[in-house]
K.L.:
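Mind having a look at this structure? Questions to follow.
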Amino acid sequence: MKERALPEKILVAPAWPYASGPRHIGHVAGFAVPADVFARYHRLKGDEVLMVSGTDEHGTPVMVSADRNGVSPRELADRNNAVIRDDLRNLGISYDCFTRTTTRNHHLVTQDIFRTLHEKGYLVERSALGAFSPATGRTLPDRYIEGTCPICGFDGARGDQCDNCGNQLDPVDLIDPRSIIDGSTPEFRETTHLFLDLPAFAGRLEEWISAQDTWRPNVRNFSLGLVRELKPRAMTRDIDWGVVVPVDGYPADTKRIYVWFDAVIGYLSASIEWAHNVGRPDAWREWWQNPDARHFYFMGKDNIVFHTVIWPAMLLGYGSGGAFGAGRGDLHLPTNVVASEYVTMEGKKASTSRNVAIWVNDFLSRYDPDPLRYYLTAAGPETQDSDFTWEEFVRRNNDELLANWGNLVNRTLVNAYRNFGEVPKPSHLSDADSGVIAGVAGAFEEVGALIDEGRFRAAIAAAMRASTLANQYVAEQAPWALVKTDRERAATVLYVALRCVDSLKTLFAPFLPFTSQAVHEMLGNDGWLAGPLEYRVVGEEGEPAHEVLTGDYASWVGAWAPSELAPGQKLQEPRPLFRKLPPETVGEELERLGIS
RNA sequence: GGCGCCGUAGCUCAGCUGGUUAGAGCGCUGCACUCAUAAUGCAGAGGUCGGUGGUUCGAGCCCACCCGGCGCUACCA
């Protein structure tokens with residue numbers, strides 16, 4: 001065993017789900033589930049974890065979606081914040097503070113960073129040709145423009161790229177350009193924006209990224225490619241929904257801060273909000289202005305550039321300056337940026353518009369959260385795209401989760417409950433007894449190390465192997481037969497088996513918090529192994545109150561260590577952990593998706 | 001077009017810096033068991049690692065080219 005390290009300060013930073021609509025299971029596979037596994041493991045290990053995030057509510061897509069729904073952007077954001085927050089709570093994603101980007105606090109922090117970067121000369125004014133919708137006067141991002149490709153003549157070319165010939169385009173060059181929102185012809189005008197001077201950070205970024213040997217290779221290589229050709233990037237937009245630009249000449253009714261600029265700041269602002277909410281306003285500095293802290297970001301691969309280039313550039317540029325930094329130390333750069341690939345749905349790329357998606361809330365209305373968490377971890381898009389199929393989901397649920405771990409819990413508890421009603425008292429332990437106890441105990445280090453490396457598939461597989469060890473032991477010892485012939489030996493065997501189950505429940509707790517809690521209770525233990533989440537209404541004067549998703553994780557009784565189950569503890573009547581899904585499930589769900 | 005990834009048993013995937021008979025889970029076959037949501041355990045069949053050509057004493061792991069699948073290409077989020 002390694003020497004027990006001192007508790008570490010760990011920031012877990014899952015990407016902020018965008019509030020244009022509900023999220024599908026591919027989204028949560030990228031940011032939420034891996035981040036939560038990581039956070040729960042470190043809390044059980046005794047580290048001081050701060051996991052913050054929220055809904056990302058600014059930007060054009062929210063405005064477009066709001067228009068289509070006939071509501072204001074704020075109303076749409078309110079609605080989707082509530083939907084997404086419920087999804088995450090129901091999935092058991094253990095945020096310390098899941099907030100939103102429309103809070104007053106977030107705007108203040110964003111403006112402080114923006115102002116500081118501007119004062120330091122990292123935000124420079126430039127003019128560029130921009131597309132506007134004549135109907136609304138709003139900016140029209142390249143992707144919202146389509147027309148005929150000037151190269152191949154394809155009619156459905158988008159403003160940034162032609163899907164037919166693959167060439168990159170400039171919307172100005174499109175023949176017969178039109179807005180995909182309302183079909184109107186965009187106007188192109190000169191417009192002035194503040195650009196983040198990314199080339200100024202190129203050297204430092206390249207050096208920093210090169211040194212990151214713990215990053216997944218695709219993240220590191222991709223990022224190195226990016227920093228070699230950096231250009232200044234506009235950080236303001238011609239819209240009226242977003243954080244107000246704290247610079248003269250950028251009036252709030254026409255210019256706002258670019259949504260990605262404020263979204264990445266969310267990690268910092270939500271930490272500050274959390275500190276405020278718990279009544280220790282400076283506590284966030286222990287994570288952000290402490291070089292010994294470690295910061296882990298989780299997201300889908302499409303977010304890499306913002307987390308390995310733009311956000312680090314902003315952090316480097318801000319340094320320890322500005323009102324919030326207050327000269328008390330440089331803001332911490334990411335320790336690791338754990339990017340997932342994509343989840344496809346039955347072989348097709350998830351698409352909101354074509355409704356090729358399995359929405360989290362819809363999924364959870366028919367199935368339990370732990371089997372989904374299991375699937376997204378065991379078959380997740382860790383190193384390459386992975387396909388979600390209902391057939392595979394049913395199989396993983398029935399033939400792996402239920403058959404191996406669920407059945408072990410059930411057979412062990414049923415035997416013990418019926419014959420003893422409590423945790424039986426062991427007598428002499430045989431070699432087989434100590435062997436299985438040691439085998440399961442050994443999994444703690446293995447599973448923990450794999451989680452720490454971000455190898456979640458391997459980690460949950462290792463936990464399953466430990467469960468197999470216990471199944472082998474139970475099969476060999478056959479306590480159901482011993483009960484009739486040698487009650488004392490039966491008591492010992494069942495004690496050993498229960499103790500293994502008690503350990504395994506902890507090994508599975510980061511992945512399967514709900515069922516681990518159920519096992520914890522059935523074994524007669526008290527308290528929260530890895531407790532529940534809750535909503536809390538917060539808000540400062542001068543702003544509408546909002547609800548944050550949080551939890552009282554300090555009260556957890558679980559610890560990342562083998563069980564020392566107390567004999568004599570009263571058992572609860574066992575009930576199955578997982579529902580067996582009938583084969584018809586597959587057909588029903590495919591029909592629901594419109595595939596047959 | 002540029003950059004990058006992938007192609008290993010029926011399926012889903014591991015194989016870290018090249019080194020003895022290529023691994024796991026599921027599926028399949030047989031046996032055992034019957035406490036358990038017919039769930040478990042044991043044994044076994046089944047790949048020469050997309051193709052070709054190289055480097056090397058030795059390559060799934062390095063190099064070149066080819067075939068097939070995919071992603072990214074940042075002023076969409």
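Computed over heavy atoms, backbone and side chain alike; hydrogens, waters and symmetry mates excluded. Each chain gets a letter, A, B and so on, in the order the sequences are listed, and its residues count up from 1. Values in this document were obtained by computation on a predicted structure and should not be read as measured data.
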K.L.:
Near RNA chain B, counting only heavy atoms under 4.0 Å, which residues of residues 415-424 of chain A show up?
P.N.:
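A/N415, A/R418, in order of number.
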K.L.:
Remember a base hit wins even if backbone is also touched, and classify A/V259 as base, sugar-phosphate or nothing at under 4.0 Å, heavy atoms.
P.N.:
sugar-phosphate
K.L.:
Using a cut-off of under 3.5 Å, enumerate the N/O to N/O pairs linking the protein to nucleotides 14-16 of chain B.
P.N.:
| residue | atom | partner | partner atom | Å |
| --- | --- | --- | --- | --- |
| B/A14 | OP1 | A/T383 | OG1 | 2.8 |

K.L.:
Could you give the distance separating B/G18 and B/G54 at their C1' atoms, to the nearest angstrom?
P.N.:
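These two C1' atoms come out 15 Å apart once rounded.
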K.L.:
Using a 4.0 Å cut-off on heavy atoms, which residues in residues 187-195 of chain A reach RNA chain B? List them by number, or say none.
P.N.:
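None - not one residue of the stretch has a heavy atom sitting under 4.0 Å from the strand.
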K.L.:
With sequence neighbours left out, write down each residue that passes side-chain hydrogen bond (donor to acceptor under 3.5 Å, both in side chains) with A/R366, or none if nothing qualifies.
P.N.:
A/D362, A/E589
K.L.:
List in chain and number order the residues that pass ring-ring contact (aromatic ring centres under 6.0 Å, His included) with A/F456, two or more places apart in sequence or in another chain; answer none if no residue qualifies.
P.N.:
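Here no residue qualifies.
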K.L.:
Distance check, P atoms only: B/C63 and B/A24, in whole angstrom units.
P.N.:
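B/C63 and B/A24 have their P atoms separated by 29 Å.
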K.L.:
To the nearest Å, how far apart are A/L376 CG and B/U12 C1'?
P.N.:
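Those two atoms, CG and C1', are 15 Å apart.
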K.L.:
What is the distance from CG of A/L224 to P of B/C72, rounded to the nearest Å?
P.N.:
20 Å
K.L.:
Would you please name every residue forming a ring-ring contact (aromatic ring centres under 6.0 Å, His included) with A/Y122, sequence neighbours left out?
P.N.:
A/F201
K.L.:
Picking from A/T236, A/T192, A/D238, what satisfies side-chain hydrogen bond (donor to acceptor under 3.5 Å, both in side chains) with A/K255?
P.N.:
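Testing each of A/T236, A/T192, A/D238 against A/K255, the sole residue satisfying side-chain hydrogen bond (donor to acceptor under 3.5 Å, both in side chains) is A/D238.
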K.L.:
Output every pair passing side chain to side chain donor-acceptor pair (under 3.5 Å) with a member in residues 402-411 of chain A, not counting sequence neighbours, ordered by first then second residue.
P.N.:
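Passing the test, one end in residues 402-411 of chain A: A/N404-A/S467, A/N404-A/T468, A/N404-A/N471, A/R411-A/N471.
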K.L.:
Where each pair must be Watson-Crick or G-U wobble with both distances under 3.5 Å, what dot-bracket representation of RNA chain B is obtained, with crossing pairs in [ ] and other-strand partners as |?
P.N.:
(((((((..((((.....[...)))).(((((.......))))).....(((((..]....))))))))))))....
K.L.:
For A/F514, give me all partners under ring-ring contact (aromatic ring centres under 6.0 Å, His included), at least two apart in sequence or on another chain.
P.N.:
none
K.L.:
Return a single string for nucleotides 22-34 of chain B, one symbol per nucleotide in 5' to 3' order, where B is base contact, S is sugar-phosphate-only contact and - is none, cutoff 4.0 angstrom on heavy atoms.
P.N.:
---SSS-----SS
K.L.:
Show me the side-chain donor-acceptor pairs of residues 371-379 of chain A shorter than 3.5 Å, one per line, residues at least two apart or across chains.
P.N.:
| residue | atom | partner | partner atom | Å |
| --- | --- | --- | --- | --- |
| A/R373 | NE | A/F511 | O | 2.8 |
| A/R373 | NH1 | A/D36 | OD2 | 2.8 |
| A/R373 | NH1 | A/L91 | O | 2.7 |
| A/R373 | NH1 | A/G92 | O | 3.3 |
| A/R373 | NH2 | A/D36 | OD2 | 2.6 |
| A/R373 | NH2 | A/P510 | O | 2.9 |
| A/Y374 | OH | A/E400 | OE1 | 2.7 |
| A/Y375 | OH | A/D387 | O | 3.1 |
| A/T377 | OG1 | A/R373 | O | 2.7 |

K.L.:
Find the distance A/K301:NZ to B/G4:P and express it as a whole number of Å.
P.N.:
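Interatomic distance, NZ of A/K301 to P of B/G4: 16 Å.
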K.L.:
Could you pull out all residues at least two apart from A/W480 that satisfy ring-ring contact (aromatic ring centres under 6.0 Å, His included)?
P.N.:
none
